[in-house]
There are 2 protein chains.
Amino acid sequence: MIELSKAEFEVLDAVWLGYPATASEVIVRLSDDKEWHEKTIKTLLSRLVKKGALSFEKQGRQYNYTPCIAREEYTLKESQSFIERFFNGRIAPLVSGFAKSEQLSQHDIDELKKVIDDWEKQQK
Amino acid sequence: MIELSKAEFEVLDAVWLGYPATASEVIVRLSDDKEWHEKTIKTLLSRLVKKGALSFEKQGRQYNYTPCIAREEYTLKESQSFIERFFNGRIAPLVSGFAKSEQLSQHDIDELKKVIDDWEKQQK
DNA sequence: AATTTAAGATTACACGCGTAATCAAATAAT
DNA sequence: ATTATTTGATTACGCGTGTAATCTTAAATT
């Protein structure tokens with residue numbers, strides 16, 4: 001599995017918003033949420049390339065970056081390893097923890113019900 | 001929030017198994033799963049103390065370590081920040097990702113249903 | 001054509017982490 | 001009482017990370 005740091009993931013996340021994307025585009029996308037220096041973001045883009053999370057094509061003197069992995073694929077892997085580490089691979093205790101601490105809204109519950117419903121339909 | 005590294009968490013996890021616990025006890029508990037050198041584990045115990053995750057009382061020349069936080073409290077915080085980072089704070093997409101990739105068993109589903117059930121009962 | 005600009009490449013640097021080895025001191029053994 | 005042992009404290013060290021600054025070179029401007 002490709003291992004990304006927190007900051008690297010956030011940059012990749014900005015690329016997932018729409019790609020191919022140039023460095024400048026990524027910088028603009030991040031500028032609202034982050035106080036990162038332009039140079040910092042470029043460093044992170046390079047590291048993402050080196051790690052195989054991004055590829056690029058030259059276009060003039062700019063690069064057009066494209067993710068090498070789908071967001072869902074990456075977050076699924078991360079979720080698996082998270083749940084393995086903290087909850088022995090079982091997902092219910094995580095949800096249960098949220099429930100116990102009043103982190104769940106009716107909306108969350110409805111969404112969860114739908115997930116369960118879909119799962120059961122798809123099962124039969 | 002106390003920030004623990006992966007290795008630090010695993011050591012703390014061994015303390016949570018039963019406390020107060022001496023370094024030797026922790027070392028024994030970890031010996032099955034981990035190939036860690038005794039010195040490594042002691043380093044991690046010290047770092048956990050420095051970070052405020054463990055406290056200790058001297059007993060002879062040994063220390064008796066006790067966690068300063070409950071496992072559930074810690075994992076809840078971690079879960080929150082995980083779900084924030086990867087799923088914008090919503091829990092259903094995580095579960096949905098598992099469902100889509102066939103990571104869920106009937107048992108998981110049953111557990112999830114129970115969590116939902118309990119939540120709804122407790123709501124009325 | 002010469003100069004300025006701007007993009008990516010390279011270099012920097014302190015701090016945390018994994019992974020111990022060494023040091024100091026208190027206790028256990030003789 | 002000495003010596004050996006064992007515990008925690010201190011030190012070590014390379015690698016990843018956050019956070020850029022500087023360098024190089026190609027493209028844009030004049």
Side-chain angles (χ1 to χ4, degrees), chain A residues 1-15 19-31 33-68 74 78 81-82 85-86, chain B residues 1-15 19-31 33-68 74 78 81-82 85-86:
Chain A
M1 182 165 73
I2 297 179
E3 293 280 351
L4 305 181
S5 79
K6 233 167 136 167
E8 284 160 358
F9 174 78
E10 296 191 67
V11 171
L12 178 53
D13 216 6
V15 178
Y19 49 84
T22 65
S24 329
E25 286 169 343
V26 173
I27 289 165
V28 169
R29 289 177 195 173
L30 287 167
S31 62
D33 303 311
K34 294 286 163 183
E35 297 296 307
W36 284 336
H37 194 284
E38 158 220 0
K39 299 292 190 187
T40 300
I41 296 177
K42 289 185 174 185
T43 298
L44 292 169
L45 285 168
S46 301
R47 289 181 184 169
L48 284 164
V49 169
K50 196 194 302 183
K51 288 188 177 187
L54 283 180
S55 67
F56 65 88
E57 293 209 353
K58 267 187 178 152
Q59 156 125 43
R61 70 177 160 188
Q62 306 200 133
Y63 286 0
N64 270 35
Y65 294 95
T66 304
C68 300
Y74 182 78
E78 283 299 314
S81 87
F82 180 87
R85 278 176 356 94
F86 290 104
Chain B
M1 181 165 74
I2 296 179
E3 294 280 351
L4 305 181
S5 78
K6 233 166 137 171
E8 285 160 359
F9 173 79
E10 296 192 66
V11 171
L12 178 53
D13 216 5
V15 179
Y19 49 84
T22 64
S24 330
E25 285 169 342
V26 173
I27 289 165
V28 169
R29 289 177 195 173
L30 288 167
S31 62
D33 303 310
K34 294 286 165 185
E35 298 295 309
W36 284 336
H37 194 286
E38 158 221 0
K39 300 292 189 185
T40 299
I41 296 176
K42 288 186 175 185
T43 297
L44 292 169
L45 284 169
S46 301
R47 288 183 184 168
L48 284 164
V49 168
K50 196 196 299 185
K51 289 189 177 185
L54 283 180
S55 68
F56 65 86
E57 294 209 351
K58 268 188 177 153
Q59 157 125 43
R61 71 178 157 185
Q62 306 200 134
Y63 286 0
N64 270 36
Y65 295 94
T66 304
C68 300
Y74 182 77
E78 284 298 314
S81 88
F82 180 87
R85 280 179 349 100
F86 291 103

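Predicted model only: the values in this text are computed from it and were never measured. Proteins come first, then strands; the chains are lettered A, B, ... in the order of their sequence lines, and each starts at number 1.
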Check: Does OP1 or OP2 of D/dT17 have a side-chain N or O of A/Lys51 closer than 4.0 Å?
Finding: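 Yes, A/Lys51 has a side-chain N/O under 4.0 Å of OP1/OP2 on D/dT17.
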Next item on the list: Taking only the side-chain nitrogens and oxygens of A/Trp36, find out if one of them lies under 4.0 Å from OP1 or OP2 of D/dT19.
Entry: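 Yes, because at least one side-chain N or O of A/Trp36 sits under 4.0 Å from OP1 or OP2 of D/dT19.
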Next item on the list: Give a yes or no on whether the backbone of B/Thr22 and the side-chain of B/Glu25 come within a donor-acceptor separation of less than 3.5 Å.
Entry: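 Judged by distance alone, yes, a pair lies under 3.5 Å.
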Checklist line | Single hit among B/Leu45, B/Val26, B/Leu44 for side chain to side chain contact (heavy atoms under 4.5 Å, CB included) with B/Leu54 | finding: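 Only one option passes, and that is B/Leu45.
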Notebook entry, point to check: Do B/Tyr63 and B/Lys58 have side-chain heavy atoms sitting under 4.5 Å apart?
Noted result: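 B/Tyr63 vs B/Lys58: side chains touch.
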Item checked: Non-hydrogen side-chain atoms of B/Trp36 and B/Glu10 separated by less than 4.5 Å ->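 Yes; the side chains approach each other to less than 4.5 Å.
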Just how far is it from atom [atom1] of [X] to atom [atom2] of [Y], taken to the nearest 0.5 Å?
X       : Y       : atom1 : atom2 : result
A/Tyr19 : A/Leu12 : OH    : CG    : 10.0 Å
A/Lys34 : A/Ile27 : NZ    : CD1   : 15.0 Å
A/Glu78 : A/Phe9  : CD    : CZ    : 8.0 Å
B/Ile41 : B/Ser24 : CD1   : OG    : 10.5 Å

Next item on the list: Indicate the ring-plane relationship of B/Phe86 and A/Tyr74, choosing parallel, tilted or perpendicular according to the 30° and 60° boundaries.
Entry: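 Plane angle between 30° and 60°, so tilted.
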Round to the nearest Å and state the distance from [X] atom [atom1] to [N] atom [atom2].
X       : N      : atom1 : atom2 : answer
A/Leu12 : D/dT17 : CG    : P     : 14 Å
A/Lys6  : D/dT19 : NZ    : P     : 10 Å
A/Phe9  : D/dG18 : CZ    : P     : 13 Å
A/Leu30 : D/dA20 : CG    : P     : 13 Å
A/Leu48 : D/dT17 : CG    : C1'   : 12 Å

Is there any protein nitrogen or oxygen under 3.5 Å from a nitrogen or oxygen in nucleotides 11-15 of chain D, and what are the pairs?
none

Next item on the list: Map A/Glu3 and A/Gly60 onto DNA chain D by nearest heavy atom, then report which one ends up closer to the 5' terminus.
Entry: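 This one resolves to A/Glu3.
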Margin query: Give me the atom names and distance for the closest heavy-atom approach of A/Lys51 to A/Glu3.
Written below: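 Taking every non-hydrogen atom into account, NZ-O, 2.9 Å.
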Margin query: Looking at A/Lys42 and A/Glu38, is any side-chain nitrogen of the basic one under 4.0 Å from a carboxylate oxygen of the acidic one?
Written below: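 A/Lys42 and A/Glu38: salt-bridged.
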Strictly under 3.5 Å: I want the nitrogen or oxygen pairs between protein and nucleotides 5-9 of chain D, one per line.
from: D/dT5; atom 1: O2; to: B/Arg61; atom 2: NH1; distance (Å): 3.4
from: D/dT6; atom 1: O4'; to: B/Arg61; atom 2: NH2; distance (Å): 3.2
from: D/dT6; atom 1: O2; to: B/Arg61; atom 2: NH1; distance (Å): 3.0
from: D/dT7; atom 1: O3'; to: B/Arg61; atom 2: O; distance (Å): 3.1
from: D/dG8; atom 1: OP1; to: B/Tyr63; atom 2: N; distance (Å): 3.0
from: D/dG8; atom 1: OP2; to: B/Lys42; atom 2: NZ; distance (Å): 3.3
from: D/dG8; atom 1: O3'; to: B/Tyr63; atom 2: OH; distance (Å): 2.8
from: D/dA9; atom 1: OP1; to: B/Tyr63; atom 2: OH; distance (Å): 3.0

Note to self: Could you tell me the boundaries of the chain A footprint on DNA chain C, defined by atoms under 4.0 Å from its heavy atoms?
What the structure shows: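 The contact span of chain A on DNA chain C goes from C/dT5 to C/dA12.
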Note to self: Over all strands shown, is A/Thr40 touching base, sugar-phosphate only, or nothing at heavy-atom distances under 4.0 angstrom?
What the structure shows: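 Here A/Thr40 touches the bases of the nucleic acid.
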